[in-house]
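Reminder, nothing fancy here: chain letters follow the sequence lines and each chain counts from 1.
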Amino acid sequence: MRWLLSLLLLGYLSAVQALSVAGTRLLVVLEDGAEREKYGAFLGDLEARGFHITTEAPKSDSLSLFKHGERTYDHVVLLPCLAKGLGPALSANVLLDFMKKEGNVLVALSSERSTPAAVQSLLLELDIHIPSDKGALVVDHFNYDSTSAADKHDVLLLPYPTTLKTGVTNYFGGDGLIAVPRAVGQTLGNESPLTAPILRAPCTAYSYNPKDEADSAEDPFATGSQLNIVSAMQAHNSARLTVIGSAEMLQNAWFAEKATLSGKAVKTANRDFAEKVSAWAFKEVGVLKVGKLVHYQDEGVSKKVNTSVAIPENNPKIYRIKSDVTFAVEISEYDKTHYVPFVPPEGDAIQLEFSMLSPFHRLNLRPISQTANSTIFGTSFRTPDQHGIFNFRINYRRPFVTNIDEKRQVTVRHFAHDEWPRSWQISGAWVWIAGVWVTVAGWIAFVAVWLWSAPANTVKKTQ
Amino acid sequence: MPPKHRTPATSTPAASTTPRSTTTPRSTAPTQSPKASKNNTDAQRIVQDLWSSYQTRTSQRTKLLDTFLAFLILVGVLQFLYVVLVGNFPFNAFLSGFSATVGQFVLTASLRIQTNPQNEGEFKTISQERAFADFVLGSLLLHFFCVNFIN
């Protein structure tokens with residue numbers, strides 16, 4: 001009876017956790033119930049997707065991201081607060097430690113409220129820069145919503161982001177226009193390869209502080225598409241931090257609002273976009289998993305890659321130089337509720353390195369076959385003419401998908417004494433083989449003649 | 001291999017060098033062609049004398065040894081030409097083939113020294129049969145190593 005219960009419990013748990021690979025415990029930091037109402041639809045959507053939401057005020061005594069050194073939440077949403085500081089439980093260091101333990105953070109900024117010092121230094125640490133003065137916002141005199149911001153031009157209407165560059169999957173694409181009211185623009189530093197823009201401001205936008213007395217914006221924080229409305233950072237351990245420049249984007253008021261872009265009435269698609277961004281931020285999409293990893297010696301019986309997954313994982317510890325090796329790996333991608341076969345985007349490939357200090361081979365892995373929830377990638381190669389300790393390594397780091405870094409160490413030995421080709425198999429040696437045998441044959445002939453001619457001489461000698 | 005000959009071989013060059021040394025200071029240009037022809041005939045005579053004395057004064061077994069030595073030189077030179085012209089790719093094969101020939105040459109040369117009737121005084125304790133047995137054993141060992149080394 002008990003096992004049935006535990007099985008049921010397990011089934012229930014797995015059903016509940018079916019959404020995010022990283023877990024469902026979600027902490028929302030905001031000030032009071034009235035604030036929560038504003039984000040009701042967004043938080044309701046998250047709850048409907050299976051997250052268990054805990055709402056806490058930033059300075060609450062019960063608030064703690066860690067308990068006994070382990071995370072108490074899997075994801076944290078920091079919404080803008082009136083208070084200037086976030087309190088000791090949410091300092092920049094604590095948030096970084098939270099990310100080091102693979103927790104995900106979503107930060108929403110607002111130009112109407114000052115960004116807490118903890119958030120500022122957290123973003124600075126991750127090489128994401130925001131304007132230092134309170135009130136700076138992104139304006140655009142071409143892509144503004146003329147219904148709500150006819151004068152100030154600070155509510156932008158932007159299309160969905162397109163692919164960042166070739167070889168990168170776009171998890172945020174869609175149809176429609178996103179309203180971005182009073183956003184705090186961010187710029188990404190050049191130092192960090194871990195940051196990537198999700199939604200960029202159009203080229204006519206600029207960051208500007210309306211409290212400045214000057215008539216025109218002089219020395220703006222940033223202009224054009226170097227301004228990010230939404231930016232992302234994925235750490236080496238695949239913990240994700242998402243910065244949304246405008247918290248108002250997530251509010252009910254903008255989820256399906258009527259807006260006007262240069263005379264045309266449109267409906268904002270914020271709800272859909274918020275879902276896409278939060279799905280990425282909380283690891284519902286773009287999570288890769290490495291399944292079975294097989295490498296084996298190609299015996300030469302069949303030169304084609306063995307496509308069966310049923311082969312035992314016989315990964316040998318030792319190979320010989322100049323021998324044929326086949327490598328296969330199973331990779332799946334998590335897509336909201338289940339794992340699907342991973343297909344690398346156009347123009348990109350997963351690569352296998354066979355390396356000792358530096359790679360001796362770097363090969364594209366070709367998809368060989370697919371199972372219900374994974375793609376099997378494989379390649380064949382010949383081990384280099386170099387013995388030593390080698391690694392099979394897959395190091396796949398791309399924006400928006402979790403990192404893959406798999407290593408399998410093997411020894412590559414030199415030829416055993418009986419594995420060398422015999423002399424007659426090398427045509428270059430034939431001359432010298434002939435030399436040896438001609439010498440031997442000549443010697444035998446000589447010995448024969450010597451013995452045959454012996455009597456005459458011995459007679460002579462005895463005389 | 002031209003063997004060492006004491007009496008005729010050494011006497012003929014001495015005879016031929018004496019008139020040449022006397023002619024050279026006397027005239028330079030006009031006497032060059034007769035001198036060359038004279039030298040030519042001298043050289044021919046030397047070779048002929050060498051050859052005839054070799055034929056008459058060398059024992060039959062030594063001649064046989066000389067034939068074998070000449071054969072080994074030919075084989076060795078061919079192998080060395082090949083390594084110079086083509087390359088030494090299976091280097092162990094070259095070492096094996098060439099050293100088989102060279103080693104055989106050395107063994108045969110020592111057999112020749114030991115069995116040459118002219119050296120009889122120096123090898124009183126070593127009989128011809130004993131020298132030949134040593135030669136056969138040494139050669140077999142050499143062939144064994146070379147064939148194994150060439151793999």
Side-chain angles (χ1 to χ4, degrees), chain A residues 297 299-300 318-324 360 382-388 412-463, chain B residues 59-72 74-83 85-105 107-108 111 115 117 120 127-129 132 135-136 138-140 142-151:
Chain A
Q297 180 130 15
E299 296 295 349
I318 189 162
Y319 286 102
R320 199 200 65 200
I321 59 166
K322 295 190 198 168
S323 64
D324 293 314
F360 282 61
R382 172 165 283 210
T383 50
D385 187 4
Q386 171 76 53
H387 66 268
V412 176
R413 64 173 173 85
H414 45 66
F415 276 97
H417 76 282
D418 58 349
E419 284 173 332
W420 296 94
R422 302 307 298 263
S423 55
W424 58 84
Q425 288 167 329
I426 306 165
S427 57
W430 289 349
V431 169
W432 297 303
I433 295 171
V436 170
W437 289 110
V438 162
T439 308
V440 171
W443 177 77
I444 289 169
F446 165 75
V447 167
V449 174
W450 174 282
L451 292 175
W452 175 72
S453 67
N457 269 348
T458 42
V459 169
K460 210 175 169 184
K461 287 282 151 355
T462 43
Q463 284 168 351
Chain B
S59 74
Q60 187 262 337
R61 273 194 155 166
T62 312
K63 280 182 191 161
L64 176 62
L65 277 165
D66 287 338
T67 318
F68 188 44
L69 288 172
F71 166 74
L72 288 174
L74 178 74
V75 174
V77 164
L78 283 178
Q79 291 184 62
F80 196 77
L81 269 181
Y82 184 77
V83 82
L85 295 177
V86 178
N88 62 355
F89 159 52
F91 190 59
N92 66 318
F94 161 68
L95 285 180
S96 177
F98 194 62
S99 60
T101 314
V102 171
Q104 190 63 66
F105 182 87
L107 287 169
T108 314
L111 177 67
T115 57
E120 216 164 358
S127 69
Q128 296 245 323
E129 286 74 20
F132 185 69
F135 167 74
V136 169
S139 304
L140 284 176
L142 176 71
H143 299 160
F144 177 77
F145 277 116
C146 289
V147 169
N148 272 289
F149 189 64
I150 206 169
N151 179 21

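- In the displayed structure, A/F415 atom CZ is contacted under 6.0 Å by more than 12 heavy atoms of other residues, nucleotides or ligands.
- Of the two parts of B/V86, neither the backbone nor the side chain holds a non-hydrogen atom closer than 4.5 Å to a non-hydrogen atom of chain A.
- Using a 4.5 Å heavy-atom cutoff, the side chains of A/F446 and B/L72 are not in contact.
- For B/F91, no part lies under 4.5 angstrom from a heavy atom of chain A.
- Proximity to chain B (any heavy atom under 4.5 Å) is restricted, for A/I426, to the side chain, taken from C-beta onward.
- Ring-plane geometry between B/F135 and A/W443 is classed as tilted, the angle between the planes lying from 30 to 60 degrees on a 0 to 90 degree scale.
- The two residues A/S453 and B/L64 have their closest heavy-atom pair at OG-CD2, 4.3 Å.
- Heavy atoms from other residues, nucleotides or ligands lying under 6.0 Å from CZ of B/F80 number 12 at most.
- Of all heavy-atom pairs spanning B/N151 and A/P421, the tightest one is ND2-O, 3.6 Å.
- With respect to chain A, the highest number of heavy-atom pairs below 4.5 Å among B/N88, B/L142, B/V136 belongs to B/V136.
- Interface residue B/Q79: backbone and side-chain heavy atoms are both found under 4.5 Å from chain A.
- Qualifying side-chain hydrogen bond (donor to acceptor under 3.5 Å, both in side chains) partners for A/R413, counting only residues two or more places apart in sequence or in other chains: A/E419.
- If you measure heavy-atom distances from B/L81 to chain A, you find no contacts under 4.5 Å at all.
- Legend: side-chain hydrogen bond (donor to acceptor under 3.5 Å, both in side chains) pairs involving residues 424-441 of chain A, not counting sequence neighbours, sorted by first then second residue: A/T439-B/T101.
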_Show, in sequence, the C-alpha distance, side-chain angles and deciding distance for B/L65 and A/W450, and conclude whether the side-chain contact (heavy atoms from CB on, under 4.5 Å) test is met._
CA-CA 9 Å; B/L65 277 165; A/W450 174 282; 3.8 Å; yes
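- Proximity to chain A involves both the backbone and the side chain of B/F94, based on heavy atoms less than 4.5 angstrom apart.
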